[in-house]
Amino acid sequence: MEPQRTIKRKIAYSGIGLHTGNETTITFIPAPVNTGVKFVRTDLANKPEITADITQVVDIARGTTIGRGEVKIHTVEHILASLAGFKIDNLIIELNANEPPVGDGSALPLVKILNESGIKLQNESKRYYNLKEPCWAAENGALLVVLPAPEFKLSFTIDYNHPALGAQFASFNIDEETFTRQIASARTFCFLHEVESLQRRGLIKGGSLENAVVIGEKNILNETLRFPDEFVRHKILDLMGDLFLLGSSLKAHVMAIKSGHALNVELVRKMKKFEQKSKEGAISRATSNMPSSPPLDIGEIQKILPHRYPFLLVDKILELEVDKRAVGLKNVTGNEYFFTGHFPGHPVMPGVLVIESMAQVAGTLMLSKPENRGKLAYFMGINNVKFRQPVKPGDQLLVEVKVIRLKTRTGKIRAKAFVDGKMVAEAELMFSLVQG
């Protein structure tokens, strides 16, 4: 398994934004495992945070914009492509304006910054998107196809029917060296006839021949190109950035024909939905044969259990069959109090709290009967405990409990806990019911 990655030290650089023209300083800060990539607007009150995730995409007009509410960050694709090229998983990115510096229109300045900072390997395995079958998106003659593959490969075809461009095709197996040497320095481009329209829309305020390749009616206005096929290489760069919004590393062959940000984002959204459906299917299989019954929300749980924050470790009861079984859910967020010390830089939910979450679901089952309301369920014993894998920030802990034996004052429960359909822990719990 590949380790997760962050950078070794804090580093920053400044410049103007391509579309906004705003002067911006961007700062890269190392982050702990399982943090993901988070942008922070330091120029705004409370320093709002936006996660680099497809759910945060709010605009795709000549670039990819992410946002939350009124807070936005424009043109993030070159940054995200660079993180993909260096296989960085965890990073805090601070900006004091609403758009990163455009630099020279490529990802080359970002490569220099990341090389200067250095890469740190972390003590946690990288998360991969589980692609089991082909996925595709198509619109107006453009096509994107993702196929399962043993490594990350991108193939791209463009054809603008222009005498200075013609058709271009490029294909690369993506690793750090290939990204640095073959892709990162390819610059953004636009056609001269688009410039006036883009300016009317309030875009490219920071654009110039110093940070973009401009294509005239018959020729290219810049003096030189960095590659004969620089245009298709830049399209690969943009695609890498948009694919990073999937939130997981990818082992697949992605084939693109005439694709742009709109289709890239559509594909990633589609892949994200497939992933969510797969998780829901795994959970359904793990808790099959569940009869329908009204769920209990946190307020109803608190009417049954005496536990309160920070020791209430069940958020919802999904299923409850009196005297038989129950299924509960605990959302394990990065804000849990115990992650601060367990363990710094390597957050893992303590096994004893996984057991406690199981016990609270079991307690809800036992105390939900009218004759048991107001009683307390005390532990008498725990047998056959097994922990199969750690529970981490961002996980959903699904707990299923079944009655082995239930008497007036005692009970024995078999409990299992799942994350993404995989069992993470199991145990047999013995209780004594006493008057509260």
Side-chain angles (χ1 to χ4, degrees), residues 34 49 51 53 55 68-69 276 279-280 282-284 286-288 290-342 347-379 382 390-403 406 411 413-427 429 431 433-436:
N34 298 321
E49 185 179 278
T51 302
D53 186 85
T55 59
R68 185 162 58 86
Q276 186 60 37
K279 288 181 179 180
E280 291 171 356
I283 291 173
S284 178
T287 60
S288 58
M290 294 196 308
S292 59
S293 62
L296 304 180
D297 62 22
I298 193 70
E300 292 166 314
I301 293 170
Q302 288 180 329
K303 294 176 183 178
I304 299 171
L305 294 181
H307 306 74
R308 294 295 184 268
Y309 176 85
F311 213 69
L312 181 58
L313 297 176
V314 56
D315 296 322
K316 193 171 187 178
I317 297 296
L318 304 176
E319 299 285 343
L320 192 151
E321 294 180 77
V322 176
D323 291 343
K324 291 184 179 180
R325 65 188 294 278
V327 178
L329 181 69
K330 165 62 180 170
N331 292 303
V332 184
T333 73
N335 296 322
E336 305 287 354
Y337 70 94
F338 45 78
F339 285 138
T340 302
H342 195 277
V348 175
M349 184 176 184
V352 67
L353 294 185
V354 176
I355 296 296
E356 176 61 27
S357 183
M358 292 176 167
Q360 291 184 19
V361 175
T364 305
L365 172 62
M366 298 175 66
L367 300 175
S368 61
K369 297 176 67 174
E371 60 267 33
N372 289 338
R373 290 295 179 96
K375 293 183 179 180
L376 300 175
Y378 285 167
F379 265 136
I382 308 175
V391 179
K392 306 168 187 175
D395 285 343
Q396 278 194 329
L397 191 66
L398 192 80
V399 175
E400 182 183 29
V401 300
K402 292 182 179 180
V403 171
L406 193 59
I413 302 288
R414 178 176 290 111
K416 297 179 181 179
F418 303 86
V419 171
D420 293 340
K422 296 180 181 179
M423 190 188 301
V424 297
E426 59 180 323
L429 314 175
F431 294 90
L433 297 181
V434 300
Q435 194 63 45

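As the structure is a computational prediction, the values presented were derived from the model and not from experiment. Computation of the quantities below employed the complete heavy-atom set of this structure, encompassing side-chain atoms and omitting hydrogens, waters and symmetry-equivalent molecules.
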Report task. Take Val401 and Thr364, measure what side-chain contact (heavy atoms from CB on, under 4.5 Å) needs, and give me the verdict at the end. Result -> CA-CA 10 Å; Val401 300; Thr364 305; over 6 Å; no

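For the pair Phe418 and Glu400, the tightest heavy-atom approach, listed with the atom from each and the gap, is CE1-OE1, 4.2 Å. Minimum heavy-atom separation, Glu356 to Leu313: CG-CD1, 3.7 Å. Closest approach of Gly363 and Leu305 over heavy atoms only: C-CD2, 3.8 Å. The two residues Glu300 and Pro295 come nearest to each other via the heavy atoms OE1-O, 3.6 Å. The two atoms that bring Phe339 and Pro347 nearest to each other are CD2-CB, 3.6 Å, heavy atoms only. Across all non-hydrogen atoms, the minimal contact from Gly328 to Val314 is CA-CG2, 4.4 Å.
The shortest distance between side-chain heavy atoms of Asp315 and Leu329 does not fall below 4.5 Å. Side-chain contact between Gln360 and Lys330: absent, with no pair of heavy atoms (C-beta onward) separated by less than 4.5 Å. Looking only at side-chain heavy atoms (C-beta outward), Val354 and Val399 stay at 4.5 Å or farther from each other. At least one side-chain heavy atom of Ile298 sits under 4.5 Å from a side-chain heavy atom of Leu312. In this structure, the side chains of Val361 and Ile413 stay at 4.5 Å or more apart for every pair of heavy atoms. At a threshold of 4.5 Å between non-hydrogen side-chain atoms, the residues Ile304 and Ile317 do not count as touching.
Atom NZ of Lys324 is separated from atom CD of Glu319 by 13.0 Å, given to the nearest 0.5 angstrom. Note that the CD atom of Glu426 and the CZ atom of Arg414 stand 8.5 Å from one another [nearest 0.5 Å]. Here CG of Leu406 is found 7.5 Å from CG of Leu365. Values are rounded to the nearest 0.5 Å. Within the model, atoms NZ of Lys316 and CD of Gln396 stand 10.5 Å from one another, a figure rounded to the nearest 0.5 Å. Phe311 contributes atom CZ, which lies 5.5 Å from atom OH of Tyr337 (distance to the nearest 0.5 angstrom). Atom CD1 of residue Ile301 and atom OG of residue Ser368 lie 11.0 Å apart, to the nearest 0.5 angstrom.
Side chain to side chain, Thr55 and Asp53 meet the donor-acceptor criterion of an N or O pair below 3.5 Å.
Remark: the backbone N or O of Leu397 is not paired with any side-chain donor or acceptor of Asp395 at under 3.5 angstrom. Within the 3.5 Å criterion, the main-chain N or O of Gly299 finds no donor-acceptor partner in the side chain of Gln302.
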